[in-house]
Amino acid sequence: MSQNTNPARGMRDFLPAQVRRREYVISIIKEVYESYGFEPLETPAVENLETLTGKYGEEGNQLIYKILKRGEKLNPNASEKDLSDLALRYDLTVPLARVVAQHKNDLPKFFKRYQIQPVWRADRPARGRYREFYQCDVDAIGSSSMIVEAELCAAVSEILVRLGFNDFVIRINHREILYAMLDAVEIVEEKQIDALVALDKLDKIGGEGVLKEFESREINEGAANKLLGLFEKLKNSDNSHILESLSEFIGNYKTGTQATSQISQILKLAGLKSLKIDASLARGLSYYTGAIFEVNVPDLSGSIASGGRYDGLIGMFGKEQIPACGFSLGLERILVVMEERGMFPKELETNSADVLMTIWNEESIGESLKLAGELRQENLRVLVYPEADKLGKQFKYASQINVLFVCVLGENELAENKVTLKNMQTGDQETINRDEAAVSVKTYKKYLQSKS
RNA sequence: GCGGCUAUAGUUCAGUUGGUUAGAACGCCUGAUUGUGGUUCAGGAGGUCGUGGGUUCGAGCCCCACUAGCCGCCCCA
């Protein structure tokens, strides 16, 4: 009886080659984050349901994986609150806010943390979108300074550059600029969120599309035209011109002018040419309060990273209000693009073991195991072929799994206390003294390293 | 959650208006090669055609439902 062996929808198994790639990307992310002084944090996969609800907006709430209560028989007529009290975490930012609110006294005044863990969303799977996926978050808690934003952008940019990306754009905008713009064209508060959702789609559906959206959301047309006129003017102009036009458009709406000056500070402090103001960038998550970011590459419709300032979130846990700002890199999306573009270094593929130890016959098994142990003592990765197969099969297996060397310990070798080493990349083969084998392998490894 | 497309060997795909025993390439296994892989040659295994139902003398092909995947929308990392 054969059962369905697919993993659950939107979830994946990772075979060794994929795990290697994932770990390669993660290792670079960690290295860069640590070089900026961020410290690691981990939190549970499961949170109390009330911790998560109300933080992500209407859409987000529906995508939370809720966990049924355990124990007694469930009464299916019970209210949702009686059925479920726990949920899988939806992102890493809200759990961080909870941790900060909870452990405030144990944490330094400025808490800089990174966190690389899976999160779960009951979303519909698509390219680069899964129901279980890794986020790589960095956040800086406790400061309202724009130095925080600038450093976060610099770190993210450095990671992407080191991974080999050269065509990404970090789009930046500000929640207060958005609201000020909407105020300037007299869109009433109740319609502002709707208007933002429509504007956010500008680069996808174009000006006419946005007009239609406004129409269907019953937002006054004049306002839409004014905004579209502004965006038309901003198109293709550089950051400083965009800032000028925005300030002009907003007038002296107070928090708006503060926001434009914050943006200009971030630009100046970060000094990145990949940083570009996009006045139509809105972002869905409801907890953002200040600067917002999104990182895009041309060959993926979604974003590969995003972030922003959320000064109100930690206060939602009922304690002190603490300013915070962070970034989240989407590991899966970065991997999708890197895979399609073939951006992984070649060494990742030839990495299973340094040496395959063959088995000559039943009598020599002990000697092969002993030699394998000796080589491992020399810090080599040694794989012992598990059966006394014909040598041909053992070699074939070796080339399948991409080991560097095959070691043959046969009758002749044992009689003379020698070993035969074959380099599987060059095809060279030598029969040498047993105690020289490790050195020979290591010399070739060093040569490979020096070449790359 | 909505709309469209797809599902045939391990993989990528052919498969005629519905007609005998469903094919190819690559991969896999065996041998040529009883001390040597990646090349070559010879042979072999592998399919209840995604699942369940229906139409028909007859279904891989037509119809319905379900499941999974891809694309677009919504949203998002």
Side-chain angles (χ1 to χ4, degrees), chain A residues 2-12 25 29 56-64 90-93 116-137 156 194 196-198 200-201 204-205 209 212-213 216 282-286 293-297 300-308 326-337 350 356 358-361 364 385 388-414 419-431:
Chain A
S2 95
Q3 281 197 9
N4 174 18
T5 51
N6 287 329
R9 185 159 152 83
M11 317 265 169
R12 293 159 301 158
V25 173
I29 293 173
Y56 306 112
E58 191 73 22
E59 294 276 347
N61 260 349
Q62 291 171 356
L63 301 179
I64 294 173
Y90 178 92
D91 72 356
L92 302 176
T93 308
I116 301 172
Q117 287 191 284
V119 303
W120 293 267
R121 293 183 191 177
D123 211 336
R124 184 181 181 136
R127 175 165 171 253
R129 173 193 280 182
Y130 304 93
R131 289 183 161 179
E132 176 182 58
F133 62 98
Y134 272 67
Q135 289 194 323
C136 312
D137 276 37
V156 165
D194 277 353
L196 287 185
V197 170
D200 196 37
K201 288 188 234 169
K204 242 192 218 168
I205 59 178
K212 272 185 202 150
E213 289 264 338
S216 70
R283 298 203 39 70
L285 293 184
S286 52
F293 306 95
E294 196 161 297
V295 184
N296 303 87
V297 288
L300 190 81
S301 69
S303 56
I304 58 173
S306 71
F327 237 108
S328 179
L329 284 141
L331 180 65
E332 322 299 340
R333 293 185 174 180
I334 290 174
L335 283 162
V336 163
V337 176
T350 56
L356 177 91
T358 57
I359 301 287
W360 179 250
N361 58 28
S364 71
Y385 193 88
D389 267 336
K390 305 168 97 158
L391 260 197
K393 283 196 175 185
Q394 304 194 40
F395 270 88
K396 193 165 184 180
Y397 177 72
S399 89
Q400 243 174 21
I401 60 169
N402 263 324
V403 294
L404 290 178
F405 287 88
V406 170
C407 182
V408 179
L409 197 57
E411 273 163 21
N412 302 340
E413 288 86 354
L414 282 170
V419 298
T420 295
L421 261 189
K422 176 161 182 176
N423 182 320
M424 297 298 280
Q425 289 183 351
T426 63
D428 297 341
Q429 175 171 323
E430 51 180 359
T431 298

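In the text below, chain A, chain B and the rest are named by the order of the sequence lines, each starting its count at 1. Fair warning: this is a prediction, and the values are worked out from it, not measured in the lab.
- Taking atom P on both B:rU36 and B:rU30, the two are 15 Å apart, rounded to the nearest angstrom.
- In terms of polar N and O atoms assigned as donor or acceptor, the side chain of A:Q425 never comes within less than 3.5 Å of the base of B:rG38 in a complementary pairing.
- Distance check: A:D389 CG to A:N361 CG gives 12.5 Å after rounding to the nearest 0.5 Å.
- Neither OP1 nor OP2 of B:rU33 sits under 4.0 Å from any side-chain N or O of A:K390.
- The P atoms of B:rU21 and B:rA7 are separated by 24 Å, rounded to the nearest whole Å.
- Side-chain proximity of A:Q400 to the nucleotides B:rG35, B:rG37, B:rC28 is greatest for B:rC28.
- Within the 4.0 angstrom heavy-atom criterion, base atoms lie near A:Q429.
- The nucleotide B:rU6 finds its pairing partner in B:rA68, both defining distances of the Watson-Crick or G-U wobble pair being shorter than 3.5 Å.
- With hydrogens and angles ignored, a donor-acceptor pair closer than 3.5 Å exists between the side chain of A:R129 and the base of B:rC75.
- Atom P of nucleotide B:rG31 and atom CG of A:D389 are separated by 10 Å, given to the nearest angstrom.
- We find that NZ of A:K393 is positioned 12 Å from P of B:rA32, with the value rounded to whole Å.
- Relative to the ring axis of A:F133, A:R121 does not place its NZ or CZ within 45° and under 6.0 Å from the centre.
- An OP1 or OP2 oxygen of B:rA77 is reached within less than 4.0 angstrom by no side-chain nitrogen or oxygen of A:S328.
- B:rU20 and B:rG58 are spaced 15 Å apart, taking the P atom of each and rounding to whole Å.
- A:V406 comes within 4.0 angstrom of no nucleic acid atom, judged by non-hydrogen atoms across all strands.
- As rounded to the nearest Å, B:rC5 and B:rA77 have C1' atoms that lie 26 Å from one another.
- In this structure, B:rA24 and B:rU12 make a Watson-Crick or G-U wobble pair, each of the two defining distances being under 3.5 angstrom.
- Residue A:K396 is classed as a sugar-phosphate contact, given heavy-atom separations below 4.0 Å to backbone atoms only.
- A distance cut-off of 5.5 Å between ring centres, combined with a plane angle under 30°, places A:F133 in a stacking arrangement with the base of B:rA77.
- With both ends at atom C1', the span from B:rC49 to B:rG15 equals 11 Å, rounded to whole Å.
- Pairing for B:rG1 is with B:rC73, a Watson-Crick or G-U wobble pair whose two hydrogen-bonding atom distances lie under 3.5 Å.
- In this structure, A:A305 reaches the sugar-phosphate backbone alone: every heavy-atom distance under 4.0 Å involves primed, P, OP1 or OP2 atoms, never a base.
- Taking CD of A:Q117 as the reference point, atom CG of A:L92 lies at 6.5 Å (rounded to 0.5 Å).
- Taking atom P on both B:rG3 and B:rG50, the two are 24 Å apart, rounded to the nearest angstrom.
- Here A:Y130 lies in heavy-atom contact (under 4.0 Å) with a base.
- Going from atom CG of A:D428 over to atom C1' of B:rG38 covers 15 Å, rounded to whole Å.
- We find that CD1 of A:I64 is positioned 14 Å from C1' of B:rC76, with the value rounded to whole Å.
- A:L329 has its side chain out of reach of A:Q135: every pair of non-hydrogen atoms, C-beta onward, lies at least 4.5 Å apart.
- Between A:G10 and A:E332, it is A:G10 whose nearest contact on RNA chain B lies nearer the 5' terminus.
- With rounding to whole Å, A:Y397 atom OH is found 12 Å from B:rC29 atom P.
- Atom OG1 in A:T426 sits 3.0 Å away from atom CG in A:N423 (nearest 0.5 Å).
- The nucleotide B:rG43 finds its pairing partner in B:rC29, both defining distances of the Watson-Crick or G-U wobble pair being shorter than 3.5 Å.
- The pair A:D428-A:K422 does not count as a salt bridge, with every side-chain nitrogen at least 4.0 angstrom from each carboxylate oxygen.
- No N or O donor and acceptor, one from the side chain of A:R124 and one from the base of B:rC76, sit under 3.5 Å apart.
- Here A:E294 lies out of heavy-atom contact (under 4.0 Å) with every strand.
- Following rounding to the nearest Å, A:W120 (CH2) and B:rC75 (C1') show an atom-to-atom distance of 21 Å.
- The gap from the C1' atom of B:rU12 to that of B:rG53 amounts to 31 Å, rounded to the nearest Å.
- The same atom, C1', is picked in B:rA9 and in B:rC71; the two are 27 Å apart, to the nearest Å.
- Annotation: side chain of A:Y134 is in contact with side chain of A:E332 (closest heavy-atom distance under 4.5 Å).
- One can place NZ of A:K422 at 6 Å from C1' of B:rG37, the figure rounded to the nearest angstrom.
- How far CD1 of A:I116 is from CD1 of A:I29: 5.5 Å, rounded to the nearest 0.5 Å.
- Regarding A:Y385, its OH atom lies at a distance of 13 Å from the C1' atom of B:rU36, rounded to whole Å.
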